[in-house]
Amino acid sequence: MENNQEANAVPSSFTRGELLQASIDLTHHALSYVKSMALRCAVQLGVADAIRRAGGEASVDGLAAALSLAPTKLPHLRRVMRVLAASGVFAEAAGDGEGYRLTPVSTLLLTDAGGDGCRSLQQLARFELSPFCVSPVTNLAEWFTKDDDAESETSFAMTFGMDFWGFCGRNQGLSEFFNGAMACDSRLVMDAVVHEMGGIFDGVTSMVDVAGGTGGAAKAVAAAFPHIKCTVLDLPHVVEGIPADDDGRVEFVAGDMMDFIPQADALLLKSVLHDWSDENCLNILKRCKEAICCREQGGKLIIIDVVVGSSSSRATCHETQLLFDLFISTMVQGRERDEKEWSKLFKGAGFSHYKVTSMLDIRSVIEVFP
């Protein structure tokens with residue numbers, strides 16, 4: 001009996017109360033994926049749009065009717081909304097009824113948030129919650145225990161049989177899905193950049209948006225600064241068929257940034273370098289340095305990316321940076337970097353100095369000078 005008591009004794013470093021609280025925390029962490037899947041459910045059903053159509057507030061009964069759900073699904077919809085309200089995605093409406101209203105988070109899930117869609121992240125959320133992104137994360141343990149080989153350098157490659165970029169090149173649906181998600185992210189981020197940090201474009205008359213996809217970032221710069229001639233460089237299967245804008249301020253050029261980048265006063269790399277290894281980043285940065293003209297007049301490289309630890313003092317922001325770093329590692333061979341790691345890359349590529357400015361979200365703007 002005495003031996004059994006010793007075997008069941010609480011470790012001296014933790015009290016029973018602390019372990020009971022830890023069990024709650026462990027359950028919360030273990031079931032966090034349920035919150036993500038509830039969010040995916042709400043996005044796919046179009047809950048945010050349904051609430052807006054109802055005038056900004058809707059009961060669960062009203063939502064079920066608006067979404068054409070069977071009556072048997074009503075209790076389950078109530079559970080989904082209760083979880084998402086507790087998470088801050090939606091909010092409970094005032095009063096005694098079971099009503100819900102939009103929050104800043106769910107406003108980003110509207111099909112055309114802000115009227116022109118510039119603030120909608122619905123497609124980005126759809127992409128991040130899709131099987132293309134979720135499956136590699138759920139297979140992470142299997143990837144760790146798999147023998148090393150060239151075909152499984154990432155969990156994505158192990159899951160789908162080829163790396164992410166190769167898969168995009170062969171799967172037009174995924175390529176369009178991904179580029180659409182990046183475009184809606186660019187609209188929101190660049191809206192903040194041009195209005196809050198427009199000074200970074202002072203003296204710039206030409207800009208190349210390197211690996212700029214369908215041109216969301218370049219179009220935002222051209223609209224805010226009509227005197228800047230913008231060029232979008234990306235692979236042929238990405239830019240093929242995309243016309244220049246009506247006034248000719250944005251044009252698209254097919255090419256590989258690893259080989260050549262057109263010359264301009266400024267080059268923009270938005271959410272690009274975190275997709276690549278240090279070796280590939282050095283190559284990209286060297287190509288960028290060669291392409292910057294008018295160096296004496298302020299030519300530079302503008303990077304919009306995560307600087308781990310430098311974006312915000314909020315704990316949730318730092319944790320999101322770390323989550324994003326792990327997510328990126330399952331998809332491609334890149335990573336999120338702290339300022340010391342960024343500095344090493346810039347020095348290795350031959351740049352003279354740089355300046356980091358934190359933004360409101362998890363990313364920063366880095367100005368890099370030849």
### Task
With sequence neighbours excluded, give me every ring-ring contact (aromatic ring centres under 6.0 Å, His included) pair touching residues 191-210.
F201-F225
### Message
Looking at every non-hydrogen atom in both residues, tell me the closest pair between S175 and C168 and how far apart they are.
### Response
CB-O, 3.5 Å
### Query
Under 3.5 Å, side chain of S206 to main-chain N/O of A264, donor-acceptor pair present?
no
### Summary
Taking every heavy atom of P136 against every heavy atom of T330, the minimum-distance pair comes out as CB-O, 3.9 Å
### Message
Side chains of D265 and T205 only: does a donor on one sit below 3.5 Å from an acceptor on the other?
### Response
yes
### Task
Please say whether more than 12 non-hydrogen atoms of neighbouring residues, nucleotides or ligands are located less than 6.0 Å from CD in E128.
yes
### Message
Taking salt bridge (Lys or Arg N to Asp or Glu O under 4.0 Å) as the criterion, tell me which of D185, D305, D209 meets it with K270.
### Response
D185
### Message
Is it true that N179 and T214 share a donor-acceptor pair across their side chains at a distance under 3.5 Å?
### Response
no
### Query
Just checking, is any N or O donor in the side chain of Q21 or D25 under 3.5 Å from an acceptor N or O on the other one?
yes
### Message
Let's go through D49 and T111 carefully: what are the C-alpha distance in whole Å and the side-chain angles of both, what is the deciding distance for side-chain hydrogen bond (donor to acceptor under 3.5 Å, both in side chains) to 0.1 Å, and is it a yes or a no?
### Response
CA-CA 7 Å; D49 285 327; T111 301; 2.4 Å; yes
### Message
If the condition is ring-ring contact (aromatic ring centres under 6.0 Å, His included), which residues does F160 pass it with, not counting sequence neighbours?
### Response
F132, F156, F167
### Query
Measuring from M190:CE to I304:CD1, what's the distance to the nearest 0.5 Å?
4.5 Å
### Message
A side-chain contact here means heavy atoms from C-beta on lying under 4.5 Å apart; do I302 and V365 qualify?
### Response
yes
#### Entry: R287 bridged to E290 by N-O distance under 4.0 Å
yes
### Task
Determine which pairs satisfy side chain to side chain donor-acceptor pair (under 3.5 Å) with at least one residue from residues 58-75, sequence neighbours left out, and list them in order.
none
### Task
Identify whether the distance between the nearest side-chain nitrogen and carboxylate oxygen of D278 and R337 falls below 4.0 Å.
yes
### Query
Is the backbone of G166 close enough, under 3.5 Å, to the side chain of D163 for a donor and an acceptor to pair up by distance?
yes
### Query
Are the side chain of S364 and the backbone N or O of V356 linked by a donor-acceptor pair below 3.5 Å?
no
### Task
Look at atom NE2 of H227 and say whether more than 12 heavy atoms of other residues, nucleotides or ligands are closer to it than 6.0 Å.
yes
